[in-house]
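Fair warning: this is a prediction, and the values are worked out from it, not measured in the lab.
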2 protein chains.
Amino acid sequence: MTTRDSKDSDLQRSLTLLWAGRRRGQRGPRSRLSVELIAQAAVRVADADGLEAVSMQRVAAELGYSTMSLYNHVPSKDLLLEVAADVGAGAPPDLDEAADFRAAVRQWVAALWAGFHQRPWILRVPLDHAPVGPHQLAWLDRLLRPLLAAGLPGAEARAAALHLTAVVRGTAQISTSMSGEHKRDNGFPRTDTDLAHVVTELLDPAEYPALTAIHAAELADPGQPDGDALPFELGFGVDRFLDGVEGWVAAKSRR
Amino acid sequence: MTTRDSKDSDLQRSLTLLWAGRRRGQRGPRSRLSVELIAQAAVRVADADGLEAVSMQRVAAELGYSTMSLYNHVPSKDLLLEVAADVGAGAPPDLDEAADFRAAVRQWVAALWAGFHQRPWILRVPLDHAPVGPHQLAWLDRLLRPLLAAGLPGAEARAAALHLTAVVRGTAQISTSMSGEHKRDNGFPRTDTDLAHVVTELLDPAEYPALTAIHAAELADPGQPDGDALPFELGFGVDRFLDGVEGWVAAKSRR
DNA sequence: ACGTTTCTATGTATGGTGTACGTAGTTTCG
DNA sequence: CGAAACTACGTACACCATACATAGAAACGT
């Protein structure tokens with residue numbers, strides 16, 4: 001309808017790329033390469049050496065092809081990264097349907113959290129438009145189910161899902177950046193545990209009263225993100241949010 | 001103490017850069033350039049043409065200096081971007097102290113949200129370690145105050161602040177990327193409003209039941225983020241979270 | 001006042017990047 | 001068996017961050 005002809009072509013290209021809308025060429029030889037193969041190679045490189053290491057040349061070398069061959073299947077590096085991020089995300093977990101919606105949501109959050117820690121580079125892929133990858137949408141769909149089942153109307157479920165996605169994404173961004181997980185070449189990751197000390201020595205207590213007040217209660221254990229366990233830094237907020245949602249639907253049904 | 005000597009030098013450099021720990025050289029000529037001037041120029045470039053346009057050459061040109069001159073004041077582009085992001089964030093607003101903590105927090109959220117929409121490029125600056133910039137810490141401090149005043153103990157206040165920061169950051173990332181605000185050269189921004197349609201036409205309802213169910217309730221008005229008004233997509237989640245926090249402290253004080 | 005020291009700003013150079021373009025070769029269709 | 005069409009490749013270009021050496025000017029000690 002009102003689709004703008006000039007510039008949404010890149011979205012269209014993203015879509016056809018992500019959803020494998022490959023044209024069936026007739027005449028020429030069939031390519032042994034494919035978007036999937038290229039994306040998987042990119043994922044492999046990113047896993048090994050971080051997102052910065054992902055260059056067209058490196059990916060091509062990984063596959064044993066020349067650099068420019070990739071451009072027969074992928075229009076640009078940006079698009080490739082987008083596909084790689086979706087591939088790297090993988091399929092969402094199947095949530096426990098029997099469980100109450102809190103448990104299900106926590107399960108989802110834990111899985112996404114674990115995923116971001118396993119592939120921190122996904123968080124460094126610049127977002128260029130709304131999520132339209134099959135895997136990304138699958139994750140979203142899986143989260144929406146328990147929210148809808150809990151009694152939230154569509155728009156609110158959408159907002160709640162956005163909230164949770166944003167929380168995990170944002171928290172993981174901060175968390176992984178602090179622990180230096182985003183660069184794998186670094187050898188071992190370095191945790192900025194003692195950062196608090198360094199900073200609080202510089203801070204003027206008059207200007208940053210709350211921070212200096214907090215200073216004592218610093219840094220509980222990081223905790224292991226295995227299973228459904230969430231680290232306190234993430235779990236507290238999620239639990240408070242779920243409290244709020246619970247109260248909201250309860251109040252609504254009571255009325 | 002246990003500071004690792006090999007690799008936290010970059011953190012140290014970040015700190016001295018961000019906190020203007022300039023050594024007072026004696027002999028040579030005083031430089032007319034400074035970290036602040038360079039960072040401001042970078043901000044100007046990013047405001048005008050987006051983060052991708054920020055190159056050392058461009059920033060130097062903006063100042064009328066040669067490219068390599070910048071390296072006398074800034075050790076690397078990464079560090080420069082970090083400083084520019086902090087400078088671009090600016091000082092946090094003074095929150096209404098008289099107001100209840102909900103109003104204060106909403107005020108803070110609205111301000112940060114507005115800031116991210118004004119300078120979307122800040123969200124594209126890669127995070128390399130914990131936030132240590134003066135402005136970033138000032139924002140954090142301002143948020144912690146109402147949370148502490150509401151009765152949260154230190155660790156929980158910290159977690160809540162992280163939650164809120166992550167929410168605004170993550171939501172803004174998705175939101176600005178959807179509307180294409182991150183690239184200013186583009187001419188006018190393009191909203192992916194009709195994205196939902198495009199996608200839902202491709203989706204297999206069997207695999208994405210929740211998404212197709214939602215499909216009807218799509219896209220309320222974006223709303224204007226002026227003053228304390230939050231768009232629904234952000235406000236709903238924040239309000240539910242605040243509900244939860246409120247209930248939490250109430251339950252705790254009752255016990 | 002002067003020489004010496006020391007820092008600034010610059011120019012050059014290197015290895016990397018994404019990708020536009022032309023071309024050779026090969027596979028499949030008519 | 002042509003002929004059409006597509007793949008993979010090599011070359012080339014503009015741009016990037018930054019290592020290094022150099023020239024020059026400013027401020028200090030005398």
In whole angstrom, give the distance that lies between atom [atom1] of [X] and atom [atom2] of [N].
{"X": "Arg32(B)", "N": "dG24(D)", "atom1": "CZ", "atom2": "P", "result": "19 Å"}
{"X": "Asn72(B)", "N": "dT6(C)", "atom1": "CG", "atom2": "P", "result": "17 Å"}
{"X": "Tyr71(B)", "N": "dG11(C)", "atom1": "OH", "atom2": "C1'", "result": "15 Å"}
{"X": "Met68(A)", "N": "dC6(D)", "atom1": "CE", "atom2": "C1'", "result": "16 Å"}
{"X": "Met56(B)", "N": "dT17(C)", "atom1": "CE", "atom2": "P", "result": "19 Å"}
{"X": "Ile38(B)", "N": "dT8(C)", "atom1": "CD1", "atom2": "P", "result": "11 Å"}
{"X": "Asp78(B)", "N": "dA17(D)", "atom1": "CG", "atom2": "P", "result": "10 Å"}
{"X": "Arg30(B)", "N": "dG24(D)", "atom1": "CZ", "atom2": "P", "result": "23 Å"}

Would you please confirm or rule out a distance under 4.0 Å between OP1 or OP2 of [N] and any side-chain N or O of [X]?
{"X": "Gln57(B)", "N": "dC16(D)", "value": "yes"}
{"X": "Ser55(A)", "N": "dT17(C)", "value": "yes"}
{"X": "His73(A)", "N": "dA8(D)", "value": "yes"}
{"X": "Ser69(A)", "N": "dC9(D)", "value": "yes"}

Counting any heavy atom closer than 4.0 Å, what does Ser76(B) reach on the DNA or RNA strands: base, sugar-phosphate only, or nothing? sugar-phosphate

Can Asp128(A) and Arg124(B) be counted as an ion pair, charged N to O under 4.0 angstrom? yes

Side chain to side chain, Asp86(B) and Pro134(B), heavy atoms closer than 4.5 Å: yes

Close side-chain approach of Trp113(A) and Thr171(A), heavy atoms under 4.5 Å: yes

Going by atom types only, do His163(A) and Glu233(B) share a side-chain donor-acceptor pair under 3.5 Å? no

